[in-house]
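The structure appears right after this line, and notes come after that.
Keep in mind that what you see is a predicted model, and the values were worked out from it rather than measured.
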Amino acid sequence: MNNLNWASDQPIVSLKNVHKSFGDLEVLKGVSLDVMQGEVICIIGPSGSGKSTLIRCINALNDIQSGSITVEGQEVHDPKLNKLELRKKVGMVFQQYNLFPHKTALENVMMAPVLVLKQNKDDVARLAQTLIRKVRLDGKEHNYPGELSGGQQQRVAIARSLAMNPQVMLFDEVTAALDPETVKEVLVTIKDLAAEGMTCILVTHEMGFAREIADQIYFTDGGVIVEHGPPETFFSRAKDPRTKEFLSQIL
């Protein structure tokens, strides 16, 4: 899926007028947004506002009814697109870690490169060790998920996603199921990635984190993007009444 038509001065991810329904319920009602390479985008909004659906459409976990989503200029919902090629390029980490309980942390990180990319096992083991260090889990390589805290499991899930060497990382409320004390370690890991220039799109309830890390904040409500802007203006000078009301309830 290396698209020769894509130039790095173009958005790496682009949504144009995206509509998505589940049955009669329209969840996304014409969403457009552009993400440049290396940018960190935080999507915030009330429950049921379409945030998770939006990012699940970016790596084709959800189909769309109309509109366009491109990654590096490639149409994501082109029936001819190889979804595996797309998902190598667009990593995703979910609220639930979905680790294999009978595999160690290291084995969980190694699985996709070995089984899907058919890479050499020794090379992958070295890469997996590096990634486990990167997410600050030195010494936990041989622990099983059941021996790790929620925050540690989530960091293994991040390392597992990075093992596919993605261009873009999607994070769907990755701290929502965690205890408060383990939230921070996961956020620090994401912050490290962002600092290294990884393009990140996050759905999050962590407003302090969003303010600190995001280049742009997008506020969704009722399936539309109501307002967006850089954190310094978004949080202090929101214009739309819906944004102001939302922020007044959570800040």
- Query: Are Glu185 and Arg136 close enough, and set up right, to give a salt bridge (Lys or Arg N to Asp or Glu O under 4.0 Å), and what steps lead you there?
  - Reply: CA-CA 9 Å; Glu185 60 199 38; Arg136 304 172 186 236; over 6 Å; no

- Pair Leu162-Met169, side chain to side chain contact (heavy atoms under 4.5 Å, CB included): steps then yes or no: CA-CA 8 Å; Leu162 291 173; Met169 285 286 284; 4.0 Å; yes

- Item | Candidate pair Ser32 and Asn17, rule side-chain hydrogen bond (donor to acceptor under 3.5 Å, both in side chains), full reasoning | CA-CA 5 Å; Ser32 298; Asn17 200 24; 5.3 Å; no

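Taking hydrophobic clusters as Ile, Leu, Val, Met, Phe, Trp and Tyr residues chained together by side-chain heavy-atom distances below 4.5 Å, Phe235 shares a cluster with Ile250. Cluster annotation: Ile132 is connected to Val124 through the hydrophobic network of ILVMFWY side chains, with a link wherever side-chain heavy atoms come within less than 4.5 Å. Phe94 and Val135 are assigned to two separate hydrophobic clusters, defined by single-linkage of ILVMFWY side chains at heavy-atom distances under 4.5 Å. The cluster map of Ile, Leu, Val, Met, Phe, Trp and Tyr, joined by side-chain heavy atoms under 4.5 Å apart, puts Leu148 and Tyr144 in different clusters. At a threshold of 4.5 Å between side-chain heavy atoms, the hydrophobic network of Ile, Leu, Val, Met, Phe, Trp and Tyr places Ile43 and Val186 in two separate groups.
For the pair Phe209 and Leu202, the minimum side-chain heavy-atom distance is below 4.5 Å. Within the 4.5 Å cutoff, the side chain of Cys42 has heavy atoms near those of the Ile213 side chain. The closest side-chain heavy-atom distance from Val156 to Lys140 is not below 4.5 Å. Contact annotation: the side chain of Thr204 never approaches that of Phe171 to less than 4.5 Å [non-hydrogen atoms, C-beta and beyond]. At a threshold of 4.5 Å between non-hydrogen side-chain atoms, the residues Arg160 and Val93 do not count as touching. Proximity of Leu54 to Leu15: side-chain heavy atoms (C-beta onward) are separated by under 4.5 Å at one or more points. With contacts defined as side-chain heavy-atom distances shorter than 4.5 Å, the pair His228/Leu33 does not qualify. Contact annotation: the side chain of Ile158 approaches that of Leu193 to within less than 4.5 Å [non-hydrogen atoms, C-beta and beyond].
The CD atom of Gln129 sits 8.5 Å away from atom CG of Asp138, with the distance rounded to the nearest 0.5 Å. Between the CD1 atom of Ile201 and the CG atom of Leu170 there is a distance of 5.5 Å, given to the nearest 0.5 Å. For the atom pair CG of Asp34 and NZ of Lys16, the computed distance is 5.0 Å after rounding to the nearest 0.5 Å. Residue Met36 holds its CE atom at 10.5 Å from CD1 of Ile41, rounded to the nearest 0.5 Å. With values rounded to the nearest 0.5 angstrom, Met92 atom CE is found 5.5 Å from Arg56 atom CZ. For the atom pair CG of Leu28 and NZ of Lys20, the computed distance is 8.5 Å after rounding to the nearest 0.5 Å.
The closest donor-acceptor contact from the side chain of Thr130 to the backbone of Arg126 lies under 3.5 Å. A donor-acceptor pair under 3.5 Å is formed between the side chain of Thr104 and the backbone N or O of Glu107. Of the possible polar contacts, one joining the Asn108 side chain to the Phe100 backbone as a donor-acceptor pair under 3.5 Å is found. Glu75 places a side-chain N or O within 3.5 Å of a backbone atom of Ile69 that can act as its donor or acceptor partner. Panel note: side chain Lys89, backbone Val168; no donor-acceptor pair is recorded below 3.5 Å. Within the 3.5 Å criterion, the main-chain N or O of Gln216 finds no donor-acceptor partner in the side chain of Glu39. Arg211 contributes no side-chain N or O that, together with a main-chain N or O of Phe234, makes up a donor-acceptor pair within less than 3.5 Å. The main-chain N or O of Cys57 is found under 3.5 Å from a side-chain atom of His77 such that the two form a donor-acceptor pair. In this structure, the side chain of Glu141 does not engage the main chain of Leu106 through any donor-acceptor pair within 3.5 Å. For Gln153 (side chain) and Tyr97 (main-chain N/O), no donor-acceptor pair under 3.5 Å exists by modelled atom type.
Across Ala238 and Leu247, no two heavy atoms sit closer than the pair CB-CD1, 4.0 Å. Contact record, Ser161 with Gly91: OG-CA, 3.4 Å, taken as the closest heavy-atom pair. The shortest non-hydrogen separation linking Ser149 to Thr182 is OG-CG2, 4.1 Å. Minimum heavy-atom separation, Asp215 to Pro231: O-CD, 3.7 Å. Heavy atoms only, all atoms of each residue included: Val109 and Ala163 are closest at O-CB, 3.5 Å.
Asp221 and Ser49 are not linked by any side-chain donor-acceptor pair at a separation below 3.5 angstrom, with hydrogens and angles left out of the test. Side-chain polar atoms of Thr199 and Gln167 form no donor-acceptor pair below 3.5 angstrom.
Every residue was checked against the salt bridge (Lys or Arg N to Asp or Glu O under 4.0 Å) condition with Lys121, not counting sequence neighbours, and none meets it.
Salt bridge Glu245/Arg242: absent, no basic N to carboxylate O contact under 4.0 Å. Using a 4.0 Å cut-off between a side-chain N of Lys or Arg and a carboxylate O of Asp or Glu, Lys51 and Asp172 do not qualify as a salt bridge.
The number of heavy-atom neighbours closer than 6.0 Å to NZ of Lys88, taken from other residues, nucleotides and ligands shown, is above 12.
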